[in-house]
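Worksheet for the structure shown next.
These numbers come from a predicted model, not from an experiment.
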Amino acid sequence: MAPPLAVVGPAVAAPSFRTALPSRLRPRKLPSWRRAALPKDEDYYLIDAEESIGDGFSFSGGKYGEGPSKSDEWFAQGKMVNAYPVYGDKGKAKDPFFGLAMGSGSQPSDDVFRWFCVEAGSSSNPKVLLIHGLPSQAYSYRNVLPLLSDKYHAIAFDWLGFGFSDKPQPKYGFDYTLDEYTASLESLVNAVAPDKLSIVVQGYFAPVAVKYVSEHQDKLNHLVLVNPPITDKHVILPSPLASFSNFLLGEIFSQDPLRASDKVLTSCGPYMMKEEDAMVYRRPYLVSGSSGFALNAISKAMKKDLKAYIESMRSILGSDSWKTKTTVCWGMRDRWLSYDGVEEFFGGLNQKIVELPMESKCGEAIRICTSVVVKSEAAPTH
């Protein structure tokens with residue numbers, strides 16, 4: 001068992017979310033034809049379905065209860081790590097609608113931001129940092145962590161603005177720009193993996209990770225990109241994400257926990273979530289408005305700067321100076337990021353592509369991606 005990550009600053013308790021949902025947000029009983037179609041196996045947390053039951057309009061069941069929750073259990077596994085200084089002193093953060101003072105969850109830390117991290121495996125093993133995509137949480141790696149723990153010291157974290165990490169109101173210490181995310185990633189890596197490491201990054205945060213790695217290739221053993229946006233088509237955010245960047249409407253949408261969580265997460269592929277897992281992803285949006293405002297801010301930043309970051313990533317990966325061992329894992333079921341042009345780009349660079357075929361179920365996809373990391377030490381350097 002790995003020793004706990006260094007904890008700096010006061011302990012943080014898992015926010016409670018026992019309040020009953022308004023009637024319009026309460027899970028509804030599924031029609032009999034949909035209940036009959038539910039799979040019986042317990043293979044991981046995403047299961048194939050033509051239509052997601054977590055699409056923001058109907059659910060498989062579940063309710064707020066007084067007993068233990070998946071969110072509480074997940075929080076208990078992690079630690080808060082301090083990294084990346086808070087810049088500026090602009091007073092107490094206020095909401096953008098009425099100018100009212102926000103709660104403590106929307107306020108910046110005193111001097112250094114707090115990140116929620118979960119680790120598995122001995123600290124003496126090679127380190128692997130698992131970076132979630134947009135909009136998600138470290139919780140998406142919960143089944144990967146134990147699979148890596150035998151040979152690796154695996155660490156998953158919540159980005160600022162997500163999960164249990166700090167979520168300052170934009171313009172009060174953190175503006176959620178891609179440049180800030182790149183700089184903050186450097187601070188976090190220095191805190192949890194001061195020596196060499198491997199990085200696995202998924203989706204729209206891949207350009208951020210590539211930019212960081214390009215400036216610290218001496219620290220990297222291996223980089224695994226999972227469905228990274230790389231083509232001209234990938235520059236355009238999918239509508240579920242783009243809606244949060246709309247003026248005023250985005251602020252309103254981002255305060256709807258079902259739209260900001262379930263509908264976005266399940267629109268990217270033909271999957272559905274168990275209710276107990278969906279509750280973990282909803283939790284930040286139900287506790288306060290800070291997660292919604294952060295999602296709104298990062299969506300605007302992506303819409304503004306994603307094209308430049310993708311172009312930069314293409315240039316970095318194709319340059320003669322890129323020496324980092326790189327593997328691309330691509331799930332063919334991704335509804336947001338098409339495979340058209342991906343093979344041509346990475347194949348032309350002689351970088352390994354691991355395709356996860358259409359028939360792959362989520363459990364199998366997790367095992368395939370994990371095996372890429374485990375076997376990477378024996379692979380030749382690109």
Is there a ring-ring contact (aromatic ring centres under 6.0 Å, His included) between Phe75 and Phe116? Walk through the geometry before answering. CA-CA 8 Å; Phe75 182 82; Phe116 178 71; 5.6 Å; yes

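- Applying the 6.0 Å contact sphere to NZ of Lys304 captures no more than 12 heavy atoms from other residues, nucleotides or ligands.
- Using bins of under 30°, 30° to 60° and over 60° for the plane-to-plane angle, the ring pair Phe157/His132 lands in the tilted bin.
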- Item | Test salt bridge (Lys or Arg N to Asp or Glu O under 4.0 Å) applied to Arg142 and Asp277, step by step | CA-CA 11 Å; Arg142 66 192 177 281; Asp277 293 320; 3.3 Å; yes

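- Using bins of under 30°, 30° to 60° and over 60° for the plane-to-plane angle, the ring pair Trp336/Tyr204 lands in the tilted bin.
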Worked check of salt bridge (Lys or Arg N to Asp or Glu O under 4.0 Å) between Glu251 and Lys300
CA-CA 11 Å; Glu251 280 83 354; Lys300 289 180 177 178; 3.0 Å; yes

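- The closest side-chain donor-acceptor pair between Ser124 and Ser122 falls under 3.5 angstrom.
- Between Tyr212 and His216, the ring-plane angle classifies as parallel under the 30° and 60° cut-offs.
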**Message:** Walk me through whether Tyr181 and Phe174 qualify under ring-ring contact (aromatic ring centres under 6.0 Å, His included).
**Reply:** CA-CA 9 Å; Tyr181 271 119; Phe174 196 80; 5.4 Å; yes

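- One finds the CG atom of Asn143 at 11.5 Å from the CG atom of Leu148 (value rounded to the nearest 0.5 Å).
- With 3.5 Å as the limit, one finds no donor-acceptor pair spanning the side chains of Ser71 and Ser69.
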query: Would Glu275 and Lys70 count as a salt bridge (Lys or Arg N to Asp or Glu O under 4.0 Å) if you check the C-alpha gap in whole Å, the side-chain angles of each, and the deciding distance to 0.1 Å?
result: CA-CA 10 Å; Glu275 178 71 11; Lys70 285 281 187 180; over 6 Å; no

For residues 236-247, dump all side-chain donor-acceptor pairs below 3.5 Å to protein atoms at least two apart in sequence or in another chain.
unit_1	atom_1	unit_2	atom_2	d
Ser243	OG	Pro240	O	3.0
Ser245	OG	Ala242	O	2.6
Asn246	ND2	Ser243	O	3.4

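- Listed here is the closest heavy atom pair of Val112 and Ala83: CG1-N, 3.2 Å.
- The aromatic rings of Tyr339 and Trp330 sit tilted relative to each other, their planes meeting at an angle between 30° and 60°.
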